Amino acid sequence: GDGSKGNPYNQFKQQYIRNDAIIHLAKGDYFLDTTISAQYNNLTVYGSGMDKTFITSHHALTIKHFYLSDLTLSGVNIINHGTIDIRNVCIEDAKANVHDQYNNSFGRAIYNPGEHYDSYLYLTNCIFKNNTTNPADGANTYIGGSAINLVHGAVYADHCIFLNNSDNKYNGCVKLSGKNNFASHQ
C-alpha cells in the first residue's frame, strides 16, 4: 500500500516515518526496521485496531506532536517533546532503555522530560501492560514510573488500564515530578 486510508501500508519501514507524515497501517504484525532511536515532528499513525495491528521495536521514538490510534506497540519507548494524543492503543513490554549523560536509565512506555517546555499527553481507552523500569544493561540507576514518567506538563487519561507494570525501586506505573498536572476519568 501507499499509506493512505484506502490503501494502508502492509510494511512499516523507517523511510515511511518522516516529519508531518500521516500513516495508515493494515492489520498485521510489523517490526519497525529502525536501527537507531529516531526523532520526529507532527507524526500521525492509524492502525486497523488494537487487536489487529501490532508494531514491535526496541528503540525510542522522540516525538513532538504525535497522534497514535488503534494499534499495539510492543517494546517501543516514546519520548514526548510536545503534545501526544493516543487513542485505543496498547503499549506493552517497554523497558527503560534510554540513557542520559550520567548513564541513568529512562524511557519506559512514555517519558515526558519537559525540561524547557511543557509536554501534554492525552490518553483515551489505552492499555499499559508489562512495562518496566528495571535498569537497562550498564545503567547506573533508573528513575521510576514504569508506564509513564512525567517531569513537567500534563497527562489526561480517560478509560485507561494499567496491568503488570513494574518498578523495583521508587513507585509503580506513573511517576509525577516537577510542575505537572494529572487527571483521569474512568
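Note that the numbering runs from 1 along the sequence shown for the chain. Only this structure's heavy atoms are used, side chains among them; waters, hydrogens and symmetry mates stay out. Note that the structure is predicted; figures quoted are calculated from it, not measured.
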(request) Enter the distance from K129:NZ to E92:CD here, rounded to the nearest 0.5 Å. (result) 5.0 Å
(message) When you group the ILVMFWY residues by side-chain heavy-atom contacts below 4.5 Å and let the links chain together, are L123 and I127 in the same group?
(response) no
(message) Just to verify, what does N41 make a side-chain contact (heavy atoms from CB on, under 4.5 Å) with, not counting sequence neighbours?
(response) N19, K64, H65
(request) Please name all residues satisfying side-chain contact (heavy atoms from CB on, under 4.5 Å) with D70, sequence neighbours left out, ordered by chain then number. (result) N88
(message) Is there a side-chain contact between L73 and I78 in this structure, where contact means two heavy atoms from C-beta onward sitting under 4.5 Å apart?
(response) yes
(request) Would you please test T44 and L68 for side-chain contact (heavy atoms from CB on, under 4.5 Å) and show each step? (result) CA-CA 6 Å; T44 300; L68 186 64; over 6 Å; no
(message) Restricting to side-chain contact (heavy atoms from CB on, under 4.5 Å), what partner residues turn up for D2, sequence neighbours left out?
(response) S4, N7
(message) Holding to side-chain contact (heavy atoms from CB on, under 4.5 Å), I want the full list of residues that pass it with I17, two or more places apart in sequence or in another chain.
(response) F12, I23, L32, Y40, L43
(request) Identify the two heavy atoms, one from N130 and one from N165, that lie closest to each other, and give their separation to 0.1 Å. (result) N-OD1, 3.7 Å
(request) Indicate the atoms forming the closest heavy-atom contact of G1 with Y9, along with that distance. (result) O-CD2, 3.4 Å
(request) Supply the atom-to-atom distance F128 CZ to I91 CD1, rounded to the nearest 0.5 angstrom. (result) 4.0 Å
(request) Any salt bridge (Lys or Arg N to Asp or Glu O under 4.0 Å) involving residues 77-88? Give me the pairs, sequence neighbours left out, ordered by first then second residue. (result) D85-R87
(request) Kindly determine whether S119 and H81 satisfy side-chain contact (heavy atoms from CB on, under 4.5 Å), including the steps that lead there. (result) CA-CA 6 Å; S119 54; H81 286 280; over 6 Å; no
(request) Kindly compute the distance separating CG (N80) from CD1 (I110), expressed to the nearest 0.5 Å. (result) 7.5 Å
(request) Give the minimum heavy-atom separation between Y122 and Y156, together with the two atoms involved. (result) CE2-CD1, 3.3 Å
(message) Once ring pair (Phe, Tyr, Trp, His ring centres under 6.0 Å) is applied, do any residues pair with Y120, and if so which ones, sequence neighbours excluded?
(response) none
(request) Could you grab the distance from atom CG of L163 to atom SG of C90, nearest 0.5 Å is fine? (result) 8.5 Å
(request) For R18, check salt bridge (charged side-chain N to carboxylate O under 4.0 Å, His left out) against everything at least two apart and list the hits. (result) none
(message) According to side chain to side chain donor-acceptor pair (under 3.5 Å), who are the partners of N10, at least two apart in sequence or on a separate chain?
(response) none
Donor-acceptor contacts under 3.5 Å from residues 47-55 side chains, at least two apart:
residue	atom	partner	partner atom	Å
S48	OG	L25	O	2.8
S48	OG	K27	N	3.4
T53	OG1	A26	O	3.3
T53	OG1	S48	N	2.8

(request) Hydrophobic side-chain clustering at under 4.5 Å (ILVMFWY, transitive links): who's grouped with I22? Put none if nobody. (result) Y46, Y67
